[in-house]
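One structure below.
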Amino acid sequence: MIPGSAALEAVELTLRHRRRTLLDACSLRLPRGAVCGVVGPNGAGKSLLLSAAAGLVGPDSGRITVLGRPAGSAQALPAVGYLDQRRSLYRRMTVAELLATGRRTNVRWHQDRALELLGLGRVPLDARIGALSGGQRTLAALATVRGKAPQLMLLDEPLAELDPLVRRAVLGLLLADVADHGATVMLSTHILTDLDEVVDHLVLLDAGQVRLAGQLSELLTAHRFVDRDGSSVLVRRERPDAAAADADGPTLDELVVSYLHAPGPGRWLAPGMRPDAPHGALIA
Amino acid sequence: MSVDRMSAPTLEQVPLRVREERPVRVGLLAVTGEALHHHRRLLALLGLGLLVLAGPVLTTADSVASAHSAWSAANCGGARLADVCQALNLDLTGAVLSAEDVQLALLAVPLLVGALLGAPLLAREYEQGTYRLAWTQAVPRGRWLTGRLLVLGGASVLTGAVAALLGTRLYLAASPAVLRESSGYAPLPFNSFGPVLAAGTVLAFALGVLCGALWRRTLPAIAASVAGFGGVALLLTALRGDLQPARTIFPPHGYDLRPDDWLMADGVVTTDGHRLSYAQCEPGGCPAGSRTFEIYHDAGQLWATQWTAAAIMLALAATALLLSYRTVGRNRL
């Protein structure tokens with residue numbers, strides 16, 4: 001991969017389907033080693049952003065690169081792992097056959113890492129995929145992602161069907177990959193409580209637009225509640241009235257809800273997640 | 001050598017090149033192996049199907065051949081109406097009729113290959129969403145498609161070739177034709193042997209792949225590919241008389257072609273050069289002094305006609321596969 005490149009960079013990424021704009025000029029840059037939560041209401045474009053990063057849907061305009069390569073290109077594919085929302089697997093394969101297929105269709109394959117994930121849900125290797133429970137199927141799909149040892153993991157609702165114990169264990173393994181191998185994780189979810197302790201970056205999507213993106217600490221410290229006409233209003237810190245001494249910082253929940261309910265097109269990209277044009281121009 | 005006479009060392013400027021990682025990739029051989037493994041059950045089924053088909057074709061060919069040689073040995077040509085000849089003729093007619101059933105089964109080979117090998121290749125992946133898994137491993141989807149086409153397309157070529165050989169055995173068993181129905185130009189035999197059947201199988205496969213790429217659902221893709229191939233086959237069958245130049249002769253009497261020749265038109269040429277079909281001759285008979293003419297395809301042109309039709313089908317198949325690559329490459333939502 002191109003050294004020094006961002007894990008993911010989208011510039012004015014736009015996707016349309018039958019005159020509906022599903023992703024609307026999304027721009028963001030995710031640094032390497034980040035664990036990034038993608039949140040937003042249903043239909044916000046979370047899944048679409050991830051599948052665009054996986055190279056499955058192409059931009060109608062703008063561009064998206066992963067690890068410095070065009071998404072979905074032959075150079076990008078070996079280093080990117082993708083878990084789709086529906087866990088699309090060949091139903092008639094056994095779990096063992098699924099792993100064997102992963103081994104044959106990838107440049108690197110770490111059977112131990114795949115097996116480690118399957119062990120969390122006691123997924124039997126000789127079971128057919130079609131016979132697995134929803135959670136086990138998720139684990140099987142995650143196993144193919146992790147066996148590939150990708151530098152960037154794009155995980156669409158990875159925790160949705162897992163019970164709380166397994167959920168914690170899966171997150172533990174993913175975080176270990178980030179810590180030990182410098183992997184980057186981008187995961188979508190609509191359960192914010194999953195994320196608080198795990199993610200260090202956040203992207204909030206709404207109606208196909210990036211409303212908020214940045215390092216978590218950066219986002220939280222950049223916003224303050226101020227008292228205005230008797231009600232508490234969230235404002236960005238650079239605004240003069242936010243400097244008031246008694247200003248409170250928001251929680252993650254409050255921040256997200258405030259942006260989703262903002263009357264105007266509230267939108268803010270922390271400096272660390274803004275794609276910088278000159279670097280981007282080199283790749284294109 | 002003194003130091004001062006040495007030229008000062010100049011540092012040559014080497015343009016700095018960003019070191020690229022060696023492109024790591026899963027080679028086509030491995031991709032093809034994976035496709036072979038993935039479709040192993042389907043391929044086994046296909047082999048079994050061919051064996052099941054071969055039995056009746058070969059036994060029918062044998063009975064046609066023996067009826068045909070018995071007829072030829074009896075030298076019943078011309079107008080001999082002996083009882084023996086009548087019995088032999090009945091035998092031969094029966095054998096040729098039962099061969100037609102088998103030839104119909106051979107016609108189904110391209111349709112089945114298109115429906116079972118071609119159409120599901122992409123449609124199933126789209127329908128079940130598994131393309132999202134298949135195309136996000138390290139293999140780019142173009143190479144993935146090439147692997148699948150090499151395996152399933154190769155199987156189609158083999159199937160088409162075997163079916164064509166079986167059909168040819170059946171056709172040759174009744175050759176030279178005694179009955180007009182077993183002429184290689186007749187619609188049923190024409191489509192059930194030789195290059196036409198082999199190329200038709202490949203075309204049906206390719207159309208199936210393309211329909212799968214376009215419709216993205218298995219059943220509509222199967223229906224579309226069957227309709228598409230059926231349409232092309234009917235069109236080529238209708239046009240088979242135009243694929244090679246027809247010959248015109250002016251024989252002393254009409255109706256003297258062999259059953260293997262294909263009469264396109266006949267009639268008379270009047271003394272002033274006009275051609276009239278027999279039906280156009282006035283009730284009083286054809287004008288005095290006119291000569292008979294026959295426009296026909298010679299039996300010897302049959303293989304050239306077959307190869308021409310096959311070449312058209314192969315060109316269409318190649319086009320369909322190219323379009324499939326393009327459709328798959330587009331990131332359609």
Side-chain angles (χ1 to χ4, degrees), chain A residues 1-4 15-18 20 22-23 48 50-60 68 71-93 97-98 100-109 129-130 141 144-145 147-148 150 154 156 282, chain B residues 16-42 44-45 120-148 151 216 218 325-333:
Chain A
M1 295 302 106
I2 296 180
L15 261 163
R16 294 188 198 88
H17 182 57
R18 296 196 180 138
R20 283 203 318 135
L22 302 179
L23 285 182
L48 212 52
L50 290 177
S51 80
L56 287 177
V57 290
D60 289 305
S73 64
Q75 298 94 333
L77 281 174
V80 176
Y82 173 61
L83 172 79
D84 74 305
Q85 197 173 15
R86 286 165 51 192
R87 288 79 168 108
S88 307
L89 303 172
Y90 296 100
R91 294 176 58 85
R92 290 177 58 194
M93 274 187 189
E97 282 171 341
L98 178 70
T101 304
R103 192 182 57 237
R104 284 194 297 265
T105 52
N106 281 291
V107 181
R108 288 174 300 275
W109 184 256
I129 301 290
T144 63
V145 173
K148 190 177 177 176
L154 304 162
D156 202 349
L282 265 179
Chain B
L16 184 69
R17 218 172 20 184
V18 177
R19 192 184 295 164
E20 289 265 349
E21 270 181 41
R22 275 173 64 84
V24 275
R25 49 184 237 163
V26 184
L28 187 57
L29 198 66
V31 174
T32 309
E34 164 60 20
L36 203 60
H37 189 263
H38 189 89
H39 291 293
R40 61 195 186 281
R41 290 187 195 89
L42 183 60
L45 203 69
L121 194 156
L122 285 164
R124 244 175 97 94
E125 301 282 341
Y126 282 120
E127 193 168 70
Q128 306 196 339
T130 42
Y131 72 98
R132 289 188 279 255
L133 177 74
W135 298 349
T136 51
Q137 306 307 307
V139 184
R141 64 184 88 168
R143 198 178 310 147
W144 177 91
L145 182 57
T146 305
R148 296 287 155 121
V151 168
R216 296 189 164 201
T218 310
Y325 272 102
R326 283 191 53 171
T327 313
V328 159
R330 271 203 333 243
N331 278 336
R332 193 156 60 98
L333 196 62

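The figures that follow rest on heavy atoms only: side chains count, while hydrogens, waters and symmetry mates do not. Note on naming: letters A, B, ... go to the chains in the order of the sequence lines (proteins, then strands), and numbering restarts at 1 for each one.
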From B:R132 CZ over to A:D156 CG, what is the distance, rounded to the nearest 0.5 angstrom?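 Atom-to-atom, B:R132:CZ and A:D156:CG are 9.5 Å apart.
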How long is the straight-line distance from OH of B:Y131 back to CG of A:L56, given to the nearest 0.5 Å? 6.0 Å
Counting heavy-atom pairs under 4.5 angstrom with chain B, the leader among A:V80, A:D84, A:L48 is A:D84
Between A:R86, A:R87, A:E97, A:M93, which shows the greatest number of heavy-atom pairs under 4.5 Å with chain B? A:R86
Audit row: B:L133, A:L89, side chain to side chain contact (heavy atoms under 4.5 Å, CB included) steps and yes/no: CA-CA 7 Å; B:L133 177 74; A:L89 303 172; 4.0 Å; yes
Segment of B:E34 engaging chain A (4.5 angstrom heavy-atom cut-off):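 The answer is both parts of B:E34.
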Below 4.5 Å from any heavy atom of chain A, which atoms of B:V139 appear? Answer side chain, backbone, both or neither. both
Begin with the C-alpha distance, continue with both residues' side-chain angles, and end with the deciding distance and a verdict on side chain to side chain contact (heavy atoms under 4.5 Å, CB included) for A:R92 and B:R41. CA-CA 12 Å; A:R92 290 177 58 194; B:R41 290 187 195 89; 4.3 Å; yes
Shortest non-hydrogen contact between A:S88 and B:G129, atoms and distance: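 Smallest heavy-atom distance, with atoms named: CB-O, 3.0 Å.
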Note: A:L77 and B:T136 closest approach over all heavy atoms is CD2-CA, 4.0 Å
Name the option with the most non-hydrogen atom pairs under 4.5 Å to chain A; the candidates are B:R330, B:H37, B:R124. B:H37
Step through the shown structure and confirm whether more than 12 heavy atoms of other residues, nucleotides or ligands are within 6.0 Å of CZ on B:R326.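 No, not enclosed.
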